[in-house]
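Below, all heavy atoms of this structure are taken into account, side chains as well, without hydrogens, waters or symmetry copies.
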Amino acid sequence: MNEAALLVNFLIVGGLLFVTGMVGFLVRRNLIVMFLSAEMMLQGVSVSLIAWGRFHQDLGGQMLALFIIAIAAAEAGIALALILMLYLRSQTLDVAFWHDLREEGQPPYVDQGIPETHREEHKWPRLTPSGVRPEVDQEEQMHRSRV
Amino acid sequence: MSEWRDQLLQMLPGSSLLVWAVVLGGLGLWFRVALLDRPTALFSRILGLLSLVLLGFWLPRFGGWAEQVTFWLLASVAVLTAGTAISTRSPVYMAIWFALSLLATSGLFLFQNAQFIGFATITVYAGAIVVTFLFVLMLAQPEGDAPYDRVSWAWFSAPLALLAGGVLLAAMLLTFSPDGPGRPDASLGPVVPPSALATDQHHVARLGGELYSRHLIAVEVVGTVLLVAMVGAVAIVIQGKSAYVPGRQDGSRIRGRRDAPSASSGGAP
């Protein structure tokens, strides 16, 4: 196995994961999605570290990836507590709510128009109707016991 | 295989396949991320797949067919699910796609003979962190489908983010490409003598030995960091709860919480 080529392959996968997480962090507005994007960036770094560790026949890369996992767990705990507290105060997970913290004199951020949700995405599975609809006896409906 | 690659290189104008791959992938991601509400899913998926195929042609080969196919499968699953994760609107689906991406990534770790890291990734990330995020999501946004998931920032945010990402990626790829200035060579050399790490039978035992000999202080520090994070999370929740006055802003949206403080404040010991 060509180790240098293997290293390049894994570095590219790690870079792609990192860049994807970065774009997600910069573009999305849901707090939880932003934090998961940050975790995705950490994953990209871990892939690169492990590839370098294998290339140099050294366990240091795996050590650093292990510590990244531990720090990510600590980060996730604190981030979740913060997100819950922010949600209790603002009733929304939207990070744009906190543009109250902007500097004095800066214009507030205003959405340019939120697209409507598509109705067809809330389609639930339905059974196809079969047979004929039975006659409904009004008298029986009224006097049917509620059990 | 290599003659296809040469033909493709001749067919496409421009400096290399790499630029085309990065540009196409960026366009595909832009169609998904910036226009979260537009029905351009198929188009962007085609662009993303095309970009990955071009990147696959550009990447240097490292081994036999079985290894190559395994790597391509795992890598494309990891990258494609990551792209899908940041471009789905529902945060629940985002977490699930991200967990899938984590599974593929841990497959890549196993591919590199990093067994412990691979399984720790599955257990800690996909098992604990993502599921905890899902719990918080259930607490905070049970109705799903929020308006801020359907819209991004102002119009220039997504192109700028993608441009920054593309520049970062292209710089790194050109640096580490086989004819780039930072191409990997073994001149740095192994820190410890090479002892056939790739075919090591007692890999996890060696990892543990290394962890508790060379990195013992780091282990202690990380344990302290975890403890501090735990205390900090509890402190944040306690402090935040006492500072939060229900009903001040829109407290009525929290069901059953408006009448709770009056009962607890009266009967506080």
Side chain proximity check, T105(B) to S46(A), heavy atoms < 4.5 angstrom: no
Residue among L16(A), L31(A), L86(A), L36(A) with most heavy-atom pairs under 4.5 Å to chain B: L36(A)
Do Q43(A) and T121(B) have side-chain heavy atoms sitting under 4.5 Å apart? yes
Region of V228(B) that comes under 4.5 Å of a non-hydrogen atom in chain A: neither
If you look at every heavy atom in A75(B) and V13(A), which pair is closest and at what distance? CB-CG2, 3.6 Å
Name the region of F18(A), side chain, backbone, both or neither, that has any atom closer than 4.5 Å to a heavy atom of chain B. side chain
Of the backbone (N, CA, C, O) and the side chain (C-beta and beyond), which part of V237(B) lies under 4.5 Å from a heavy atom of chain A, both, or neither? both
In Å and rounded to the nearest 0.5 Å, what is the CG to CD distance from N113(B) to Q62(A)? 7.5 Å
With a 4.5 angstrom heavy-atom cut-off, which part of L84(A) approaches chain B: side chain, backbone, both or neither? side chain
Under 30°, 30 to 60°, or over 60°: which ring-plane class applies to F71(B) and F10(A), parallel, tilted or perpendicular? tilted
Checking heavy atoms, do the side chain of I71(A), its backbone, both or neither come under 4.5 Å from chain B? side chain
Interatomic spacing from CZ in F109(B) to CG in L49(A) - rounded to 0.5 Å: 9.0 Å
Select, from L26(A), L42(A), D94(A), the one with the greatest count of heavy-atom pairs under 4.5 Å involving chain B. D94(A)
Specify which of L102(B), L74(B), L108(B) makes the most heavy-atom pairs with chain A at under 4.5 Å. L108(B)
Top of T132(B), V130(B), V219(B), L207(B) for chain A proximity - count of heavy-atom pairs under 4.5 angstrom: L207(B)
Would you mind telling me which of L17(A), V47(A), L80(A) has the largest number of heavy-atom pairs within less than 4.5 Å of chain B? L80(A)
For A235(B), is it the side chain, the backbone, both or neither that has a heavy atom under 4.5 Å from a heavy atom of chain A? neither
Shortest non-hydrogen contact from A74(A) toward V225(B): CB-CG1, 4.3 Å
Looking at chain A, which one of Q112(B), M94(B), M230(B) has the largest number of heavy-atom pairs inside 4.5 Å, strictly under? Q112(B)
Of all of A51(A), A76(A), G14(A), which one pairs up most often with chain B through heavy atoms under 4.5 Å apart? A51(A)
Contacting region of E39(A) [heavy-atom separation from chain B under 4.5 Å]: both
Over all heavy atoms of both residues, which pair between L226(B) and A70(A) is shortest? Give the atoms and the distance, please. CD2-O, 3.6 Å
Heavy-atom distances under 4.5 Å only: say whether I129(B) touches chain A with side chain, backbone, both or neither. side chain
Chain A heavy atoms under 4.5 Å from L160(B): which part of the residue, side chain, backbone, both or neither? neither
Roughly how far apart are E210(B) CD and D58(A) CG, rounded to 0.5 Å? 6.0 Å
Side chain, backbone, both or neither: which part of F135(B) has a heavy atom under 4.5 Å from chain A? neither
Measuring from atom CZ of R214(B) to atom CG of L59(A), what distance do you get when rounded to the nearest 0.5 angstrom? 8.0 Å
Just so I understand: if I count every heavy-atom pair under 4.5 Å between each of G165(B), A78(B), S101(B), A128(B) and chain A, which residue has the most? G165(B)
Tell me, for F133(B) versus chain A, whether the close heavy atoms (under 4.5 Å) come from the side chain, the backbone, both or neither. both
Within the 4.5 Å heavy-atom criterion, are L6(A) and F111(B) side-chain neighbours or not? yes
Whatever's closer than 4.5 Å to a heavy atom in chain A on V136(B) counts as both
Tell me, yes or no, whether the heavy-atom count around L101(A) atom CG, taken from other residues, nucleotides or ligands under 6.0 Å, exceeds 12. yes
Greatest number of non-hydrogen atom pairs under 4.5 angstrom with chain B, of N30(A), T20(A), V19(A), falls to N30(A)
Rounded to the nearest 0.5 Å, the CE atom of M85(A) sits from the CD atom of Q239(B) at a distance of 10.5 Å
Heavy-atom distances under 4.5 Å only: say whether L211(B) touches chain A with side chain, backbone, both or neither. both
Counting C-beta onward and ignoring hydrogens, is there a side-chain heavy-atom pair between T88(B) and V33(A) closer than 4.5 Å? no
Heavy-atom distance under 4.5 Å between the side chains of F67(A) and V221(B), does that happen here? no
About how many Å separate CG of L139(B) and CD1 of I83(A), when rounded to the nearest 0.5 Å? 11.5 Å
Which portion of A95(B) sits near chain A, non-hydrogen atoms under 4.5 angstrom: both
Are side-chain heavy atoms of S37(A) and F98(B) found at a separation under 4.5 Å? no
If you tally heavy-atom pairs under 4.5 Å against chain B, which of I69(A), L93(A), I78(A) wins? L93(A)
What I'd like to find out is whether the side chain of I86(B) reaches to under 4.5 Å of the side chain of M40(A), using heavy atoms alone. yes
